Amino acid sequence: MKKFLGISIDVPYVTEPKLDGLAVELVYEAGLLTSGSTRGDGVNGENITQNLRTVKTIPLRLIRRGIPVPERLEVRGEVIMQIDKFRALNRKREESGEPLFANPRNAAAGSVRQLDSKITAARPP
């Protein structure tokens, strides 16, 4: 970094792993999850609130630990599937004669975009 910038002082920076999943937005009002949607076409997203409510790692209510909860909070993130869970899901699908997912991103996206939230709840996190 120093060579690229042509400087000799230390430059602090932070890196994070790139997670390739389905971009979603969660909206909390008064601490409660009120909606969840996909990015869609960049203007209009798909409402996937009911399916996201079944994802165990998404809190339905924000925890108040001495910090006031904002009246409205919008959280953006990625729905991802861990590689070991992806492989297990594909093994199960193969055994039952279902088509396999091409990659973990497609599996994660397909899981939360179901018409039946019971299917989403049955998929691995």
Side-chain angles (χ1 to χ4, degrees):
M1 181 64 73
K2 290 192 260 185
K3 182 179 175 183
F4 175 76
L5 294 173
I7 61 175
S8 60
I9 62 171
D10 288 338
V11 178
Y13 56 92
V14 176
T15 63
E16 294 181 2
K18 167 69 171 104
L19 302 176
D20 186 23
L22 174 68
V24 296
E25 179 181 72
L26 306 174
V27 177
Y28 291 87
E29 294 183 21
L32 298 175
L33 177 65
T34 57
S35 70
S37 59
T38 65
R39 183 178 60 197
D41 61 9
V43 175
N44 297 308
E46 182 179 355
N47 183 342
I48 55 171
T49 307
Q50 288 308 110
N51 293 350
L52 292 176
R53 287 180 186 278
T54 71
V55 177
K56 293 174 180 68
T57 54
I58 295 176
L60 302 179
R61 176 186 298 270
L62 299 178
I63 299 171
R64 303 168 192 222
R65 290 193 175 131
I67 301 170
V69 173
E71 188 58 36
R72 181 177 173 90
L73 176 67
E74 298 179 17
V75 180
R76 293 178 187 225
E78 299 279 323
V79 174
I80 62 166
M81 185 176 291
Q82 296 173 352
I83 192 73
D84 58 328
K85 307 280 178 137
F86 165 71
R87 289 179 177 144
L89 176 61
N90 261 354
R91 273 193 302 276
K92 189 176 177 183
R93 290 176 67 85
E94 185 173 39
E95 290 168 4
S96 64
E98 295 177 85
L100 303 182
F101 287 109
N103 54 56
R105 186 207 181 282
N106 288 3
S111 295
V112 297
R113 296 180 72 217
Q114 291 291 319
L115 295 177
D116 183 354
S117 60
K118 292 177 188 166
I119 295 171
T120 303
R123 297 273 171 89

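All figures in this text were calculated on a predicted structure; none of them were measured in a lab.
- With a 6.0 Å radius and a threshold of 12 heavy atoms from other residues, nucleotides or ligands, E78 has its CD atom above the threshold.
- Scanning both residues, D10 and K2, for their nearest heavy atoms gives OD1-NZ, 2.9 Å.
- The shortest heavy-atom contact between L89 and A107 is CD2-CB, 4.3 Å.
- Closest of all the heavy-atom pairs between P70 and L73 is CG-CB, 4.1 Å.
- With hydrogens and angles disregarded, a donor-acceptor distance shorter than 3.5 Å links the side chain of T34 to the backbone of V27.
- A donor-acceptor pair under 3.5 Å is absent between the side-chain atoms of R76 and the main chain of R39, judged by distance alone.
- The shortest non-hydrogen separation linking V112 to I48 is O-CG2, 3.5 Å.
- The distance from the CZ atom of R61 to the CG atom of L33 is 11.0 Å, given to the nearest 0.5 Å.
- The distance from atom CD1 of I67 to atom CG of L62, rounded to the nearest 0.5 Å, is 11.0 Å.
- No chain of hydrophobic side-chain contacts below 4.5 Å, direct or via other Ile, Leu, Val, Met, Phe, Trp or Tyr residues, connects V11 to V14.
- Distance CD/Q50 to OG/S35: 11.0 Å, rounded to 0.5 Å.
- Using a distance-only test at 3.5 Å, with no hydrogens or angles considered, no donor-acceptor pair links the side chain of Y28 to the main chain of V75.
- Heavy-atom minimum distance, F101 versus F86: O-CZ, 3.6 Å.
- Annotation: the span from L22 atom CG to M81 atom CE amounts to 11.0 Å, rounded to 0.5 Å.
- Panel note: side chain S37, backbone E46; no donor-acceptor pair is recorded below 3.5 Å.
- Following chains of ILVMFWY side-chain contacts shorter than 4.5 Å, one can reach V24 starting from L60, so the two form part of one hydrophobic cluster.
- With hydrogens and angles disregarded, a donor-acceptor distance shorter than 3.5 Å links the side chain of R93 to the backbone of P99.
- Put simply, the side chain of P104 reaches to within 4.5 Å of the side chain of I83, judged on heavy atoms.
- A donor-acceptor pair under 3.5 Å is absent between the side-chain atoms of N51 and the main chain of S111, judged by distance alone.
- At least one side-chain heavy atom of L52 sits less than 4.5 Å from a side-chain heavy atom of V79.
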